[in-house]
Amino acid sequence: MSNVGFNKILALSPKLEIFIRKVYWKYLSKISVNYVRSNKESYLFDFNKISNKLIDFGLKKGDILVLHASYDKLKKTGKTPNDIINDLLSLVGKSGTLAMNSARSFPEEKIKNNYINAEYNNQTTVYNVRKSRVWTGVLPHFMLKHTKSKVSRFPINPIVAIGNYSDQMMENNISEDFLSSCGRNSAWKFCVDKNALVVGLGTDLTHSLTIMHVAEELMGSKWAFNNWFRIRKFRVIDENFDKTISVKERKPIWGSMHFAERTLCKDLLSSGILKTTNIDGVILQVLRAKELIEFLNSKNKNGYPFFI
């Protein structure tokens with residue numbers, strides 16, 4: 001069965017998706033699967049088709065473009081990662097900003113059988129803003145190396161950005177106690193306030209939709225579920241900056257076992273918030289940040305799109 005067909009089945013009911021998620025994480029997540037990549041996508045196509053469609057979808061000079069992308073899907077454009085970054089920067093112009101999630105991989109998170117329920121209360125992890133390994137893909141890795149890029153000092157889902165708003169975006173990310181990645185001083189909240197255009201390019205945007213967590217994190221004690229966060233301690237290193245901070249991190253069990261991702265995708269499509277098209281085999285999806293958060297706020301009194 002194709003991924004599209006399977007996703008349609010999951011979208012039939014959030015309870016069905018939660019059941020399948022629990023079965024997967026309990027019984028199947030430890031099974032290794034080997035596969036062979038297909039060579040069917042070796043032909044070239046014009047990246048301008050993507051640029052033009054982004055403009056059709058409402059991208060304009062001065063916008064913040066929050067990008068989630070698979071470079072594997074974009075190789076057939078013949079462009080290098082830096083080419084793609086520069087093309088997107090030209091779309092938003094000098095008054096705009098390109099931003100990506102530069103989430104990091106930390107050694108303790110790789111311990112087998114420890115992902116879902118791990119607690120790190122007594123452990124201090126080093127987050128080197130420029131050197132800790134990026135796991136969210138090739139493009140944010142190259143963004144991080146760009147001479148004009150700015151990076152959040154917040155260690156969980158840090159944004160890397162280039163452009164007009166990049167300094168403001170990162171300015172106050174660790175300026176308060178008991179911080180969270182999408183809280184009131186976060187780079188993600190800044191992107192919501194500026195009504196960023198959030199784009200999935202060659203990837204499933206709903207699956208990568210980090211910015212959605214601004215809705216729940218701003219609700220604080222009004223959020224439907226208790227025991228939402230775990231506490232982690234990080235030593236943040238950024239050239240001459242060196243500070244140890246405690247942060248709140250959403251427990252992995254919520255996203256792994258309780259997130260009705262396919263229901264959210266279906267609802268965003270049916271509401272017209274999420275727009276999607278296919279360009280020569282590359283899926284392109286977009287939405288506006290404020291529309292997403294307003295939609296979630298209208299529905300999440302009971303925790304939507306998370307289900308117990």
Side-chain angles (χ1 to χ4, degrees), residues 29-30 32-35 37 66-75 80-85 88 98-162 166 169-170 173-174 179-182 186-188 191 200-205 207-211 213 229-252 255-256:
S29 62
K30 301 175 184 65
S32 296
V33 178
N34 296 317
Y35 64 94
R37 290 186 182 273
V66 176
L67 179 68
H68 301 272
S70 167
Y71 180 66
D72 277 349
K73 297 291 185 181
L74 299 174
K75 284 180 180 177
T80 67
N82 282 327
D83 290 336
I84 291 171
I85 289 167
L88 294 173
L98 175 64
M100 298 186 202
N101 185 347
S102 64
R104 308 309 170 88
S105 177
F106 300 113
E108 65 271 24
E109 297 170 349
K110 298 179 181 179
I111 299 174
K112 291 184 178 180
N113 305 320
N114 200 36
Y115 175 72
I116 295 293
N117 297 306
E119 296 288 348
Y120 303 113
N121 305 53
N122 300 317
Q123 185 168 347
T124 300
T125 300
V126 174
Y127 166 48
N128 191 309
V129 172
R130 290 288 177 177
K131 296 181 180 179
S132 294
R133 182 177 175 270
V134 176
W135 69 263
T136 43
V138 172
L139 290 173
H141 171 78
F142 274 81
M143 282 269 287
L144 200 70
K145 294 180 178 299
H146 197 288
T147 57
K148 294 184 179 180
S149 68
K150 305 295 181 181
V151 193
S152 175
R153 288 175 175 170
F154 190 89
I156 309 297
N157 289 321
I159 281 183
V160 56
I162 301 171
S166 57
M169 194 181 293
M170 315 305 175
N173 294 170
I174 57 171
L179 306 155
S180 61
S181 64
C182 295
S186 67
W188 294 102
C191 291
L201 190 51
T203 188
D204 183 339
L205 182 55
H207 182 70
S208 308
L209 202 53
T210 308
I211 203 167
H213 300 297
F229 295 109
R230 63 185 177 188
I231 306 302
R232 296 184 68 176
K233 186 179 289 186
F234 286 89
R235 180 185 174 193
V236 181
I237 300 173
D238 186 10
E239 296 180 343
N240 296 326
F241 180 91
D242 192 328
K243 183 178 181 179
T244 298
I245 60 174
S246 291
V247 305
K248 295 185 292 183
E249 179 185 36
R250 177 171 48 90
K251 290 186 175 182
S256 300

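Note that the numbering runs from 1 along the sequence shown for the chain. Below, each value reflects all heavy atoms present in this structure, side chains not excepted, and no hydrogens, waters or symmetry copies.
- Between Gln123 atom CD and Thr125 atom OG1 the span is 5.0 Å, to the nearest 0.5 Å.
- Here Arg250 pairs with His213 under the side-chain hydrogen bond (donor to acceptor under 3.5 Å, both in side chains) rule; sequence neighbours left out.
- Legend: salt bridge (Lys or Arg N to Asp or Glu O under 4.0 Å) pairs involving residues 137-154, not counting sequence neighbours, sorted by first then second residue: Lys150-Asp167, Arg153-Asp238.
- Side-chain N or O atoms of Asn173 include one that pairs as donor or acceptor with a backbone N or O of Met169 at under 3.5 Å.
- A search for salt bridge (Lys or Arg N to Asp or Glu O under 4.0 Å) contacts involving Lys248 returns nothing, not counting sequence neighbours.
- Residues forming a ring-ring contact (aromatic ring centres under 6.0 Å, His included) with Phe234 (at least two apart in sequence, or on another chain): Phe106.
- Closest approach of Ala187 and Met170 over heavy atoms only: CB-SD, 4.2 Å.
- Taking the side chain to side chain contact (heavy atoms under 4.5 Å, CB included) definition, one finds that Lys243 meets it with Phe241, Ile245, sequence neighbours left out.
- The two residues Ser152 and Pro158 make their nearest non-hydrogen contact at O-CB, 3.7 Å.
- Rounding to the nearest 0.5 Å gives a distance of 9.0 Å between OG of Ser149 and CD1 of Ile85.
- Side-chain contact, Thr210 with Asn101: a donor N or O sits under 3.5 Å from an acceptor N or O.
- Residues Met100 and Ile159 have side chains not in contact (no heavy-atom distance under 4.5 Å, counting atoms from C-beta outward).
- Not counting sequence neighbours, the partners of Thr244 by the side chain to side chain contact (heavy atoms under 4.5 Å, CB included) test are Thr124, Lys233, Arg235.
- Nearest heavy-atom pair, Phe154 versus Ser180, reported as atom, atom and distance to 0.1 Å: CZ-C, 3.4 Å.
- Note that CD1 of Ile156 and CZ of Arg104 are 11.0 Å apart. Values are rounded to the nearest 0.5 Å.
- Side-chain atoms of Glu109 and Pro252, non-hydrogen and from C-beta on, never get closer than 4.5 Å to each other.
- The side-chain contact (heavy atoms from CB on, under 4.5 Å) test with Leu98 is passed by exactly one of Leu88, Leu139, Val160: Leu88.
- Partners of Asn128 by side-chain hydrogen bond (donor to acceptor under 3.5 Å, both in side chains), not counting sequence neighbours: none found.
- Using a 4.5 Å heavy-atom threshold, the side chains of Ile237 and Val129 count as separate.
- Scanning for salt bridge (Lys or Arg N to Asp or Glu O under 4.0 Å) contacts around Arg133 gives an empty result, with sequence neighbours left out.
- Every residue two or more places apart in sequence or in another chain that forms a side chain to side chain contact (heavy atoms under 4.5 Å, CB included) with Ser208 is listed here: His68, Thr203.
- Residues Phe142 and Thr80 form no side-chain contact, since every pair of their non-hydrogen atoms from C-beta on lies 4.5 Å or further apart.
- Residues passing the ring-ring contact (aromatic ring centres under 6.0 Å, His included) test with Tyr71: none are found, sequence neighbours excluded.
- Every residue two or more places apart in sequence or in another chain that forms a side chain to side chain contact (heavy atoms under 4.5 Å, CB included) with Ser70 is listed here: Asp72, Lys73.
- Ion pairing between a basic and an acidic side chain is recognised when a charged N comes within 4.0 Å of a carboxylate O; Arg232 and Glu249 show such pairing.
- Not counting sequence neighbours, His146 has no partner by the side-chain hydrogen bond (donor to acceptor under 3.5 Å, both in side chains) test.
- When all heavy atoms of Met143 and Ile162 are compared, the closest pair comes out as SD-CD1, 3.5 Å.
- With hydrogens and angles disregarded, no donor-acceptor distance shorter than 3.5 Å links the side chain of Trp135 to the backbone of Ser102.
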